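The structure appears right after this line, and notes come after that.
FYI, side chains are in, hydrogens and waters are out, and symmetry mates aren't considered; it's all heavy atoms of this structure. All values reported here derive from a predicted model rather than from experimental measurement. Here, residue 1 is the first one in the sequence, and each next residue gets the next number.
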Amino acid sequence: MLDETDVRSLVADLERDEEFDIFRYRPPGPVSQAFLNNQRDLTQFLMGPVGGGKTTVCAFKRVLAATLMPPDRKGVRRSRWIVLRTSFRDSERTVLKSWQLWFPKTYPGSTWTGGNDRPVTHILRWRLFDGTTVEAETLFIGLGEHKVADVLRGLEISGAWLNEADTLSDDALAAVEQRVGRYPNKTELADERAPRHKQVIGDLNAPDEDNWVHANFMENGKPGRVLYAQPSGRHPDAENLKHLEAGYYEDMIANQEDWFVRRFVDNQFGYSREGKPVFTAFDRQRHVEAREIAVDPNLLTLIGLDAGLHPAAVIGQVTPRGQIRITDELYLGHGYGADRFGEALLDLMDRRGYPPRTGRNVRAFADPASQYGADREGGELAWIESIGVVLGLAVGVPISNELSLRIGAVSQELRHMLDDGRPRLVLSPHCKTLIRGLSSAYRYKKRIDGQFEPTPEKNAASHPMDALQYLVLGFRGRAGVVAEAGRGGRVGAGRDGAAPPMGHNGGPPMAGNFDPHKVGVNGGRARW
């Protein structure tokens with residue numbers, strides 16, 4: 001069984017490409033091609049499975065960048081890049097070893113200095129068809145015990161390559177972004193007004209979600225930072241397969257644990273080793289839409305509510321074919337009562353353009369426990385009644401509050417597809433707490449004895465996740481969830497593509513059943 005250190009060494013051996021040719025290079029696939037071609041965004045990372053050819057693509061992207069620098073008065077396009085690794089020994093063993101397969105010390109027109117536990121500088125020179133000469137200076141640096149800012153102090157560079165970026169400290173990215181674009185000196189250029197090409201690139205295998213790469217690119221992304229993700233090694237569109245033997249990935253995963261396969265083969269962010277994710281069927285590429293999901297005022301709107309000291313709300317809409325599209329989440333943290341939280345939810349719904357809150361257009365489901373705890377004799381309203389008054393909407397509860405049933409209801413939505421092949425549940429990309437919860441933050445905590453707790457850990461992600469469960473279970477219904485588990489989980493379309501008719505809890509309509517969503521509202525108070 002490989003540990004993390006073994007994996008890093010294995011990756012270095014697998015990602016060398018002996019067919020590299022500076023003049024005839026072709027990227028291993030469309031994702032790598034898009035990464036290579038992007039000269040617009042300042043920071044670009046390429047994340048992919050072992051054997052995806054990432055190191056080769058980054059090496060060529062560095063070389064390509066050298067040709068884009070404006071020439072100086074002597075007709076030379078000068079650039080200086082650094083390649084950062086955790087230590088110089090790591091650099092020698094991995095990226096520098098790979099670099100020399102393509103650009104050995106004796107490469108025509110090159111100059112090589114350093115080595116033997118010291119930083120290496122390799123200067124490549126070649127002539128372009130326009131008559132200018134390229135001089136590409138590349139410094140391979142190992143950080144060791146030093147901080148990135150200390151290593152870069154006083155160093156003027158054009159660009160940077162963070163090799164195995166996820167292994168570097170969380171201050172590495174900001175430090176290099178501040179230093180690139182300073183070389184060469186503008187006064188040396190033939191046209192001092194010409195913009196100097198600058199760029200930060202990185203390669204990596206998918207890290208754990210606790211890693212800074214996830215925070216900087218997935219959760220708190222900024223303009224100018226782009227993460228390119230290659231397909232899974234097992235996907236039909238996997239990149240670089242032509243350089244790998246048949247059954248390469250199948251043989252690799254035969255004796256590996258789930259965390260290894262998830263990260264190093266399927267190219268998915270891993271979960272913390274401190275816990276086991278509840279929803280293992282969640283796939284970010286499949287279940288999270290590329291763009292924000294627009295609110296459609298003509299669709300049925302669902303609201304899931306988790307009560308208590310950390311209230312949360314999840315809002316979704318149902319398409320005619322039965323797909324649940326999660327459009328918004330609301331989690332404000334500790335200390336919000338039903339009235340204040342209801343007002344915040346009301347404001348969100350009004351701003352986003354949801355349909356009028358009637359039993360026909362909007363259905364809400366809350367934690368069954370929110371019906372209790374009020375002083376009836378003193379005229380107090382329960383949490384579910386208070387928020388219903390604010391929303392002007394009667395709030396119902398799922399028939400059952402069994403944890404296993406709630407989790408099972410969401411699991412079914414994630415595992416199964418509609419008849420047209422689309423996922424049954426999708427999320428808007430701005431629902432970041434839900435996405436993080438589905439990925440790994442909503443988890444069974446690991447005990448000291450190595451086993452896992454029987455119920456999910458209570459944390460910031462658990463409250464919106466509970467709200468999602470109430471939404472799904474409330475809509476599909478206990479009977480629907482249980483019955484569907486027995487028939488394979490597919491939701492078929494009815495006549496004209498419409499989903500089969502459902503009662504207020506998602507099952508078939510039952511004559512005479514009480515439906516809280518059909519109860520009128522009078523003066524802000526529900527008539528029961």
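- Summarising the geometry of Phe452 relative to Tyr444, their closest heavy-atom pair is CD2-O, 3.3 Å, with the distance given to 0.1 Å.
- Residues Leu403 and Gln469 meet the side-chain proximity criterion, which asks for heavy atoms closer than 4.5 Å.
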Exercise for review: Given salt bridge (Lys or Arg N to Asp or Glu O under 4.0 Å), test Asp466 with Arg406 step by step and report yes or no.
Suggested key: CA-CA 8 Å; Asp466 285 345; Arg406 288 193 277 123; 3.5 Å; yes
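- Counting only heavy atoms from C-beta outward, the side chains of Pro207 and Trp212 never approach each other to under 4.5 Å.
- Closest of all the heavy-atom pairs between Pro311 and Phe341 is O-CE1, 3.5 Å.
- Counting only N and O atoms by type, the side chains of Gln44 and Lys61 include a donor and acceptor under 3.5 Å apart.
- There is a side-chain donor-acceptor pair under 3.5 Å between Ser439 and Glu209.
- Side-chain contact check for His430 and Asp328: at least one donor-acceptor pair (N or O, by modelled atom type) lies under 3.5 Å.
- Around atom NZ of Lys458, more than 12 heavy atoms belonging to other residues, nucleotides or ligands sit under 6.0 Å away.
- How far CG of Leu305 is from CD1 of Ile384: 8.0 Å, rounded to the nearest 0.5 Å.
- Contact annotation: the side chain of Val295 approaches that of Gln317 to within less than 4.5 Å [non-hydrogen atoms, C-beta and beyond].
- Counted by atom type alone, Asn205 and Asp166 present zero donor-acceptor pairs between their side chains at under 3.5 Å.
- A donor-acceptor pair under 3.5 Å links the side-chain atoms of Glu385 to the main chain of Ala382, judged by distance alone.
- A salt bridge is absent between Asp41 and Arg225; no separation between the charged side-chain nitrogens and carboxylate oxygens falls under 4.0 Å.
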Practice item. Please lay out, stage by stage, how Lys54 and Glu239 fare under the test salt bridge (Lys or Arg N to Asp or Glu O under 4.0 Å). Key: CA-CA 10 Å; Lys54 302 179 296 298; Glu239 301 193 348; over 6 Å; no
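- In this structure, OG on Ser440 lies 8.0 Å from CG on Asp208, to the nearest 0.5 angstrom.
- Taking the six-membered ring where tryptophan is involved, the planes of His214 and Phe269 are perpendicular, since the angle between them exceeds 60° and thus also 30°.
- Looking at every heavy atom in both residues, Gln230 comes nearest to Ser32 through NE2-OG, 3.1 Å.
- More than 12 heavy atoms of other shown residues, nucleotides or ligands fall within 6.0 angstrom of atom CZ in Arg351.
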Review point. Step by step, would you call Gln199 with Gln39 a side-chain contact (heavy atoms from CB on, under 4.5 Å)?
Key: CA-CA 8 Å; Gln199 206 158 68; Gln39 302 301 328; 3.4 Å; yes
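- The nearest pair of heavy atoms linking Pro464 to Thr433 is CG-CG2, 3.8 Å.
- Considering CG of Leu438 and NE2 of His287, their distance stands at 9.0 Å, rounded to 0.5 Å.
- A salt bridge is absent between Arg234 and Glu250: the closest approach of a Lys/Arg side-chain nitrogen to an acidic carboxylate oxygen does not fall below 4.0 angstrom.
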Practice item. Using the side-chain contact (heavy atoms from CB on, under 4.5 Å) rule, take Arg476 and Arg424 through it: C-alpha gap first, then chi angles, then the decisive distance, then the call. Key: CA-CA 12 Å; Arg476 296 297 189 201; Arg424 292 232 326 241; 3.8 Å; yes
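- Formation of a donor-acceptor pair under 3.5 Å by the Asp339 side chain with backbone atoms of Ile387 is not found in this model.
- Between the CG atom of Leu391 and the CE atom of Met349 there is a distance of 7.0 Å, given to the nearest 0.5 Å.
- No side-chain donor-acceptor contact under 3.5 Å links Asp266 to the backbone of Gln268.
- Across all non-hydrogen atoms, the minimal contact from Val314 to Ala467 is CG2-CB, 3.8 Å.
- A donor atom on one side chain and an acceptor atom on the other are found under 3.5 Å apart for Asp203 and Trp161.
- A heavy-atom distance below 4.5 Å is not found between the side chains of Ile315 and Ile326.
- A donor and an acceptor atom, one from each side chain of Ser428 and Glu289, are nowhere located under 3.5 Å apart.
- Pairing each heavy atom of Ala238 with each of Gly233, the nearest pair is CB-O, 3.6 Å.
- Counting only heavy atoms from C-beta outward, the side chains of Val148 and Leu84 approach each other to under 4.5 Å.
- By the 4.5 Å heavy-atom criterion applied to side chains, Ile303 and Val362 are counted as neighbours.
- Considering only heavy atoms from C-beta on, Asp306 comes within 4.5 Å of Tyr470 through its side chain.
- Looking at Tyr442, its side chain never comes within 3.5 Å of a backbone N or O of His463 through a donor-acceptor pair.
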Practice item. Report the C-alpha separation of Asp367 and Val397 in whole Å, then their side-chain angles, then the decisive distance to 0.1 Å, and conclude whether the side-chain contact (heavy atoms from CB on, under 4.5 Å) test is met. Key: CA-CA 6 Å; Asp367 179 358; Val397 297; over 6 Å; no
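- Between Thr327 and Tyr354, the side chains place a donor N or O and an acceptor N or O closer than 3.5 Å (distance only, hydrogens not considered).
- Using a 4.0 Å cut-off between charged nitrogen and carboxylate oxygen, Arg262 and Asp283 do not count as a salt-bridge pair.
- Rounding to the nearest 0.5 Å gives a distance of 10.5 Å between OG1 of Thr43 and CD1 of Ile201.
- In summary, the side chains of Ser462 and Glu457 do not present any donor paired with an acceptor at a separation below 3.5 Å, with no hydrogens or angles considered.
- Between Phe35 and Tyr228, the ring-plane angle classifies as perpendicular under the 30° and 60° cut-offs.
- Put simply, CZ on Phe45 and CG on Leu162 are 4.5 Å apart, with the number rounded to the nearest 0.5 Å.
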Review point. Where do Leu227 and Leu46 land on the side-chain contact (heavy atoms from CB on, under 4.5 Å) test, with the steps shown first?
Key: CA-CA 6 Å; Leu227 178 67; Leu46 179 61; over 6 Å; no
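- When side chains are defined from C-beta on, Leu299 does not count as touching Val318, because their heavy atoms never get closer than 4.5 Å.
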